[in-house]
Amino acid sequence: MSTSTSNEEIVPTTLGGKASDYLDQRLGIAGAAKKNLRKIFPDHWSFMLGEVCLYSFIILLLSGIFLTLFFTPSMGEVTYNGSYTPLDGIKMSEAYASTLNISFDVRGGLLMRQIHHWAALVFVMGIMVHMLRIFFTGAFRKPRELNWLIGFTLFVLALLEGFAGYSLPDDLLSGTGLRIMQGIILSIPIVGTYLSYFFFGGLFPGHVLIPRLFTVHILLVPGIILALITAHLILVFYQKHTQWAGPGRTNENVVGLPLMPVYMAKAGGFFFVVFGFIALLGGLVSINPIWDYGPYVPTQITAGSQPDFYIGFFEGALRMMPNWEINAWGHTLSLNILIPAVVVPGILFTGLAIYPFFEAWVTGDKREHHILDRPRNMPTRTAIGVAGIVFYGIGWINGGNDLVATHFNLSVETITWVDRVLIFVGPVFGFWLTRRICFGLQRRDRDKVLHGRESGIITRSPEGQFSEIHTPLPQGDLHKLTAHDVHRPLTLTEVTDSNGVPAPKLRLAKLRARATRWYFGERVEKPTEEEYRQAISSGHH
């Protein structure tokens, strides 16, 4: 409620109104709030993938705070005398004992542990799928290159955060993962030994790793992730959201729903859907039963041990690599670890980070883009993405080659050799097949524009010829099918000037021209306006 004075000044009377008026007089937030709370956001299911990441991170923070109250980040040795009798009298670290205590003695502790673990998996999976959506639709193009780099950094930090949390219980499975990580660090030439001593505080496993991982897991990495998510959302808000092509949608506007009250209401409801789904998984689907693995002992390993899904590719690459080593001058270079665990991931992650800049260089496109691409209309980009997914998937499958062998009664060696071949052949075949499919879909879209959609109605002419009647597409569908640009390869129009002097940066220009021929050399042209009118006049519809 509010009242008006003689000079028409509105004076709030409710507590909320007075508080808002107090802040507005000192911070001037009313004008900004009025403008930003009515900001328009497009409405499409694919945009909810980013919300899944945000909401699962909130659940991670809430459940992590609960677990922090009961976890003891210490590698000091104790004798267990808790509720889980099969481990009674066993020596273990305080970290493992406190995790058992959370699971069996703290009310709701096991549920919180499982919610936390499932939320971590959903968080990483959400980031991966969200980045794929951005990649395949071209949402990383100008002016969003910086936001792509922020998202990529969030992905790397999510992997680091997940591995750190996965290692904290100090059980036999997580200890095995840490042992593998130490081997990867030691494989790095020159500095590997020093890095291992610094990380573990001496010889493996040392006594300081769990406290260090705990600090990294609950403070350092979450703080950076929270800051980057904030920056990511600010940029989305400032640069305006991308949208799919459609009637009335241009690079200059956004068609959708206002932030308040519609979008916020829908977002709030979706948060509880995500929360409920993760809670359902935590309550019904067991994950990481550390009491089955036992405490970590450096001389033991669990049978059929598997990491969380996002580490599966690295595990598979290690299992796939032949046992290659170089021994020279009293030193050993372990190529069987260095190549699959350091070199290949380094190339993949670097390529993923710089791809927006590579595509902008190849296409020469410096325009701002707020309309998304249909993946079929950028066949080469889509094929590159599918090739990467195939490469990752083959490595991921090989990460469980022992389980595949036991479940399907196959030989581990046979599976490994098949995957060694597929890791090279599969991405190439996936690239070729995806481009073929994209061109086929483009030709089908072109045919729909020119001839309409099949109606299922068959007619017979006086001459006895049967034909199917095609119905014209609505104007909205025509716009969606023809709103994209058709890119063409660049050409070197002038190699030398009038004096015969080669153009500056000639080699780079030739390289770029060859890259555009590979990228856009084969294409399907959009129907022109003249072709469309001819199709109508000729009675194709």
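Note that the structure is predicted; figures quoted are calculated from it, not measured. Reckoned from all heavy atoms, side chains included, excluding hydrogens, waters and symmetry mates.
Annotation: K240, atom NZ; neighbour count of heavy atoms from other residues, nucleotides and ligands within 6.0 Å is above 12. Residue F272 places its CZ atom among 12 or fewer non-hydrogen atoms of other residues, nucleotides or ligands, all under 6.0 Å distant. For H207, the NE2 atom sits in a loose shell: 12 or fewer heavy atoms of surrounding residues, nucleotides or ligands are nearer than 6.0 Å. The local environment of CD1 in I190 is sparse, with at most 12 non-hydrogen atoms from other residues, nucleotides or ligands closer than 6.0 Å. Crowding of F277 atom CZ: a count of heavy atoms from other residues, nucleotides or ligands under 6.0 Å not exceeding 12.
No side-chain heavy atom of Q182 sits under 4.5 Å from any side-chain heavy atom of P205. Using a 4.5 Å cut-off on side-chain heavy atoms (C-beta onward), F408 and I415 make no contact. Using a 4.5 Å heavy-atom threshold, the side chains of M75 and V208 count as separate. Contact check for I40 versus V255: no side-chain heavy atoms found under the 4.5 Å cut-off. With a 4.5 Å cut-off on side-chain heavy atoms, D170 and M92 do not count as touching. Within the 4.5 Å cutoff, the side chain of Y80 has no heavy atoms near those of the Y96 side chain. You'll find the side chain of M125 stays beyond 4.5 Å of the side chain of V52, heavy atoms only. Within the 4.5 Å cutoff, the side chain of I394 has no heavy atoms near those of the F424 side chain.
Of all non-hydrogen atoms in M131 and G151, the two that sit nearest each other are SD-O, 4.1 Å. Among all heavy-atom pairs drawn from G109 and L67, the shortest one is O-CD2, 4.3 Å. Here the shortest heavy-atom pairing between A405 and V412 reads CB-CG2, 3.5 Å. Closest approach of N398 to G316, counting heavy atoms only: ND2-O, 2.9 Å. The two atoms that bring A158 and I127 nearest to each other are CB-CD1, 3.9 Å, heavy atoms only. For P222 against E161, the heavy-atom pair with the smallest separation is CG-OE2, 3.2 Å.
Interatomic distance, OG1 of T99 versus CD of E94, reported as 11.5 Å (0.5 Å rounding). In this structure, Q114 CD and L284 CG are separated by 9.5 Å, a value rounded to the nearest 0.5 Å. Going from atom CD of Q239 over to atom CD1 of I234 covers 11.5 Å, rounded to the nearest 0.5 Å. Note that CG of D88 and CG of N81 are 5.0 Å apart. Values are rounded to the nearest 0.5 Å. In this structure, OH in Y166 is found 14.0 Å from CG in L159, a value given to the nearest 0.5 Å. Expressed to the nearest 0.5 Å, how far CZ of F57 lies from CZ of F123 amounts to 6.0 Å.
Under 3.5 Å, the side chains of N101 and S98 contain no donor-acceptor pair of N or O atoms. S103 and R113 share a donor-acceptor pair across their side chains, judged by distance under 3.5 Å alone.
Ring pair F47/F41: centre-to-centre distance not below 6.0 Å.
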Given the rule in the side-chain contact (heavy atoms from CB on, under 4.5 Å) test, do V342 and S187 qualify, once you have shown the distances and angles that lead to the verdict?
-> CA-CA 9 Å; V342 179; S187 71; 4.2 Å; yes

Could you go through the side-chain hydrogen bond (donor to acceptor under 3.5 Å, both in side chains) check for H369 and N251 one step at a time?
-> CA-CA 7 Å; H369 293 274; N251 267 322; 5.2 Å; no

Using the ring-ring contact (aromatic ring centres under 6.0 Å, His included) rule, take Y310 and F163 through it: C-alpha gap first, then chi angles, then the decisive distance, then the call.
-> CA-CA 9 Å; Y310 48 86; F163 183 79; 8.7 Å; no

Going through the distances and angles, do V124 and F309 end up as a side-chain contact (heavy atoms from CB on, under 4.5 Å)?
-> CA-CA 9 Å; V124 177; F309 83 93; 4.1 Å; yes

Could you check E315 against I180 for side-chain contact (heavy atoms from CB on, under 4.5 Å), going step by step and ending with a plain yes or no?
-> CA-CA 9 Å; E315 176 83 7; I180 294 173; 3.7 Å; yes

Decide side-chain contact (heavy atoms from CB on, under 4.5 Å) for L49 and L132; before the verdict, give the C-alpha distance in whole Å, the side-chain angles of both, and the deciding distance to 0.1 Å.
-> CA-CA 10 Å; L49 296 171; L132 287 176; over 6 Å; no

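For residues 179-201, every residue pair satisfying the ring pair (Phe, Tyr, Trp, His ring centres under 6.0 Å) rule, not counting sequence neighbours, is listed here: F200-F204.
In this structure, S196 contributes its side chain and T193 its backbone to no donor-acceptor pair below 3.5 Å. Side chain of W291 to main chain of L100: no donor-acceptor pair is present (N/O by atom type, distance under 3.5 Å, no hydrogens or angles). For H407 (side chain) and L403 (main-chain N/O), a donor-acceptor pair under 3.5 Å exists by modelled atom type. Formation of a donor-acceptor pair under 3.5 Å by the W118 side chain with backbone atoms of G283 is not found in this model. At least one donor-acceptor pair under 3.5 Å links the side chain of T382 to the backbone N or O of P375. Although no hydrogens or angles enter the test, the distance criterion places no donor-acceptor pair under 3.5 Å between the side chain of Y296 and the main chain of P169. Remark: side-chain polar atoms of E359 are not paired, donor with acceptor, to backbone N or O of R141 under 3.5 angstrom. Checked by atom type and distance alone, the side chain of R249 pairs as donor or acceptor with a backbone atom of W244 at under 3.5 Å. Proximity of a side-chain donor or acceptor of S411 to a complementary backbone N or O of E413 within less than 3.5 Å is detected.
Ion pairing between D419 and R319 fails under the 4.0 Å rule for side-chain N and carboxylate O.
Using bins of under 30°, 30° to 60° and over 60° for the plane-to-plane angle, the ring pair F313/F391 lands in the tilted bin. In this pair, F271 and F275 present their aromatic rings perpendicular. The plane angle is above 60°, beyond the 30 to 60° band.
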